[in-house]
Amino acid sequence: MLNIELIRRNPDFVKESLAKRHDSAPVDEVLAMDEHRRKLLYEAESLRARRNEVSKRLATMKDKPQDVIAEMREAGDRIKTLEEEMKSLEKSLQELLLQIPNIPDPSVPVGDGMEDNIVVRTGDEPKKLDFTPRPHWELGERLGIIDFERGIKLSGSRFYILKGKGARLQRAVIAFMLDLHVKEHAYTEVYPPFMVKRECMVGSGNLPKFGENLYHDAEDDFWFIPTAEVPLTNLHRDEILGADVLPLKYVAYTPCFRREKMSAGKDVRGIKRGHQFDKVELYKFVTPEKSNEELDKLVRDAEEVARALKIPYRIIQVCTAELGFPSAKSYDLEMWAPGCGEWLEVSSCSNCTDFQARRANIRYRPGVGAKVEFVHTLNGSGLALPRVVIAILENYQRSDGSIAVPEALHPYTGFEVIN
RNA sequence: GGAGGGGUGGCCGAGCGGUUCAUGGCGGCGGUCUUGAAAACCGCUCUCCGGGCAACUGGAGCGUGGGUUCGAAUCCCACCCCCUCCGCCA
């Protein structure tokens with residue numbers, strides 16, 4: 001959520017900034033509502049101030065003057081009317097504000113689409129193979145480690161089953177990544193709920209705008225998380241943190257559930273895009289002046305996984321038009337998949353500045369006696385599972401269709417070859 | 001799910017419907033004293049929304065939302081959460 005004071009003070013800046021991401025905000029409508037609200041507020045508060053004063057006098061009187069009581073009764077009715085008006089106005093205003101995305105950081109390249117994203121740096125060059133690499137769905141089926149048919153039998157399209165060494169490989173990658181971030185990068189491991197309340201989804205920015213991508217249990221109003229970013233954002237909702245505890249760094253492994261309505265018909269082959277997938281997520285709560293620096297470190301932490309697994313990758317800076325709703329600045333990490341011949345997005349690291357912190361009301365006290373301020377929040381995959389498995393299968397395949405397991409995973413898999 | 005008890009400021013804990021603008025204590029911060037510290041004493045200690053360049057000033061907040069009343073932490077209703085016991089259960 002944007003600071004309403006910013007919109008009030010500098011509406012043109014807000015409009016221009018949002019135009020860069022090809023979004024627009026009902027800025028003038030917001031301003032009109034805000035002004036109306038303050039007018040009502042002034043009247044209600046003046047009446048209340050008078051009532052407080054009269055009440056104090058009334059309390060000490062033995063014989064209460066009936067005409068004064070009558071006047072106060074009338075004032076009370078008026079206050080109630082004003083409050084009702086304000087309540088509905090505030091609700092509409094809030095609805096508008098919740099629809100407006102974050103303002104891009106000035107350092108983000110202005111662009112119109114994917115083609116304007118910038119490759120910041122690359123890892124190792126892809127190995128030259130002396131045979132035609134197969135896509136993972138062929139490898140997986142032949143090796144009996146991915147079962148598409150039975151996945152569909154159980155749950156329909158976009159579901160699959162990992163079996164035997166395939167399931168074990170995925171579990172190994174998860175454990176390896178968690179250990180790496182906990183031991184080498186000093187994140188605190190968190191096991192959060194996978195179903196959360198509606199207000200958590202609002203806090204992270206997934207609601208009210210993106211409900212069509214979420215699974216929802218209507219009976220108990222539980223929402224299934226599309227990423228661990230949601231529970232992690234809400235970990236410190238409605239809290240005031242001490243400056244001395246920042247930065248807070250968390251890592252969580254969770255399944256993620258997405259309806260993928262928006263991408264119907266895309267990536268239907270293989271395990272690249274499913275309704276359920278696993279992910280290890282990195283999350284930080286930091287002070288505002290450190291957030292861009294912390295974003296760079298976050299990207300390095302995610303990148304370390306690709307380096308350790310020795311998989312070709314590149315880091316992309318996302319242009320203004322491609323930024324996610326709550327993000328002010330983002331980098332993607334893509335791994336090369338020689339079988340399907342594409343770069344797979346395995347991580348997206350974002351600085352959400354105070355956007356989520358405002359929605360979820362997460363603040364900190366800069367110093368003793370200092371005024372509280374909103375923290376900045378950062379999130380990044382570290383990394384997203386099925387796609388890392390794809391990258392392993394396709395990069396480590398051999399001409400006979402077997403797969404060599406990356407060395408870093410040996411202690412976790414207990415085997416070195418899948419055949 | 002059933003029965004009973006309870007939700008008050010960072011923590012503990014008072015609070016006959018109107019001198020409570022939420023008593024008191026603990027913790028925290030500042031000060032006096034001290035070679036230093038402790039103790040003692042004094043003062044300060046929350047958040048949000050308005051108005052004002054500012055000093056400052058008005059309003060709101062006692063789990064949440066309604067209601068009664070001129071006036072609600074205090075009375076009424078609903079819901080949520082926690083504790084104890086029972087039931088069920090991996």
Side-chain angles (χ1 to χ4, degrees), chain A residues 1-11 30-98 191-203 217-223 231 234-246 248 255 285 288 354-375:
Chain A
M1 199 159 66
L2 299 185
N3 185 353
I4 183 118
E5 280 172 53
L6 175 68
I7 302 177
R8 224 184 263 158
R9 249 194 349 261
N10 212 335
V30 167
L31 288 174
M33 284 174 137
D34 179 51
E35 208 183 321
H36 188 197
R37 185 190 144 259
R38 272 141 71 209
K39 201 172 270 175
L40 296 177
L41 185 66
Y42 177 77
E43 189 185 344
E45 287 189 349
S46 305
L47 282 170
R48 264 200 290 248
R50 161 124 177 96
R51 187 175 70 181
N52 287 345
E53 196 192 311
V54 172
S55 270
K56 211 173 281 178
R57 270 193 289 124
L58 229 43
T60 61
M61 285 188 234
K62 274 212 189 87
D63 301 310
K64 321 282 192 204
Q66 286 310 306
D67 56 327
V68 175
I69 286 181
E71 188 204 330
M72 286 303 103
R73 185 180 294 139
E74 220 169 284
D77 290 345
R78 177 66 184 149
I79 289 169
K80 193 176 275 181
T81 308
L82 287 166
E83 275 172 350
E84 275 160 19
E85 268 181 70
M86 271 194 288
K87 212 168 163 183
S88 86
L89 189 61
E90 269 161 18
K91 200 180 154 213
S92 313
L93 182 57
Q94 188 73 356
E95 268 164 28
L96 284 185
L97 289 173
L98 288 175
Y191 170 83
F194 304 155
M195 307 186 293
V196 296
K197 298 182 194 177
R198 153 179 246 107
E199 58 216 275
C200 292
M201 288 294 180
V202 175
D217 159 54
E219 196 169 347
D220 294 311
D221 199 29
F222 279 127
W223 296 76
N234 286 277
L235 219 52
H236 295 294
R237 177 154 50 89
D238 293 323
E239 288 184 26
I240 297 172
L241 304 164
D244 53 324
V245 307
L246 300 176
L248 282 169
F285 297 87
D354 63 356
F355 186 83
Q356 292 176 323
R358 264 178 211 289
R359 291 177 161 241
N361 193 31
I362 310 161
R363 295 166 295 169
Y364 80 107
R365 197 178 300 282
V368 184
K371 266 193 71 170
V372 293
E373 274 181 55
F374 289 105
V375 297

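We name chains A, B, ... by the order of the sequence lines, and we start the count at 1 in each one.
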Is any side-chain nitrogen or oxygen of A:R48 closer than 4.0 Å to OP1 or OP2 of B:rG71? no

I'd like to know if the side chain of A:R359 and the backbone of A:V202 have a donor-acceptor N/O pair within less than 3.5 Å. yes

Taking only side-chain N and O atoms of A:N52, does any of them lie within less than 4.0 angstrom of OP1 or OP2 on B:rA60? yes

In this structure, how many angstroms lie between the P atom of B:rC46 and the CZ atom of A:R365, rounded? 8 Å

Do any side-chain nitrogens or oxygens of A:R363 fall under 4.0 Å of OP1 or OP2 in B:rC48? yes

Rounded to the Å, how far apart are A:Q94 CD and B:rC48 C1'? 14 Å

Side-chain N or O of A:R37 closer than 4.0 Å to phosphate OP1/OP2 of B:rG50: yes

Going by modelled atom types, is there a donor-acceptor pair between the base of B:rG58 and the side chain of A:E45 at under 3.5 Å? yes

Report the residue (A:R73 or A:E5) whose heavy-atom-nearest nucleotide on RNA chain B is the more 5′ of the two. A:E5

For A:E95, does the CD atom sit with more than 12 other heavy atoms under 6.0 Å from it, leaving out its own atoms? yes

Please answer whether the main-chain N or O of A:E5 pairs with a side-chain N or O of A:N3 as donor and acceptor at a distance below 3.5 Å. yes

Within this structure, what is the CD-to-P distance between A:E74 and B:rC70, rounded to whole angstrom? 13 Å

Closer than 3.5 angstrom, by distance alone: can the side chain of A:D354 be matched with the main-chain N or O of A:F374 as a donor-acceptor pair? no

Separation of B:rC81 P from A:D220 CG (nearest whole Å): 11 Å

A:R365 side chain vs A:A370 backbone, donor-acceptor pair below 3.5 Å: yes

Just checking A:V54: base, sugar-phosphate only, or nothing, at a heavy-atom cut-off of under 4.0 Å? nothing

In whole angstrom, give the distance that lies between atom CE of A:M86 and atom C1' of B:rC49. 10 Å

Between B:rC49, B:rG67, B:rU47, which one does the side chain of A:K80 approach most closely? B:rG67

Just N and O in the side chain of A:R51: are any of them under 4.0 Å from OP1 or OP2 of B:rG71? yes

Which part of the nucleic acid, if any, lies within contact of A:R8, taking any heavy atom under 4.0 Å across all strands shown: a base, the sugar-phosphate backbone alone, or nothing? sugar-phosphate

Map A:A70 and A:K371 onto RNA chain B by nearest heavy atom, then report which one ends up closer to the 5' terminus. A:K371

Round to a whole Å and report the spacing from CZ of A:R9 to P of B:rC53. 14 Å

Nearest to the side chain of A:K87 - B:rG71, B:rG65, B:rG59? B:rG65

Just how far, in rounded Å, is C1' of B:rC49 from CD1 of A:I79? 16 Å

My understanding is that a pair needs two contacts under 3.5 Å, Watson-Crick or G-U wobble. By that rule, which nucleotide pairs with B:rC26? B:rG10

Looking at A:R38, I'd like to know whether one of its side-chain N or O atoms comes within less than 4.0 Å of OP1 or OP2 on B:rG51. yes

Can you tell me the distance, in whole Å, between the CZ atom of A:R359 and the C1' atom of B:rC48? 19 Å

Using a cut-off of 6.0 Å, state whether more than 12 heavy atoms not belonging to A:E43 lie near its atom CD. yes

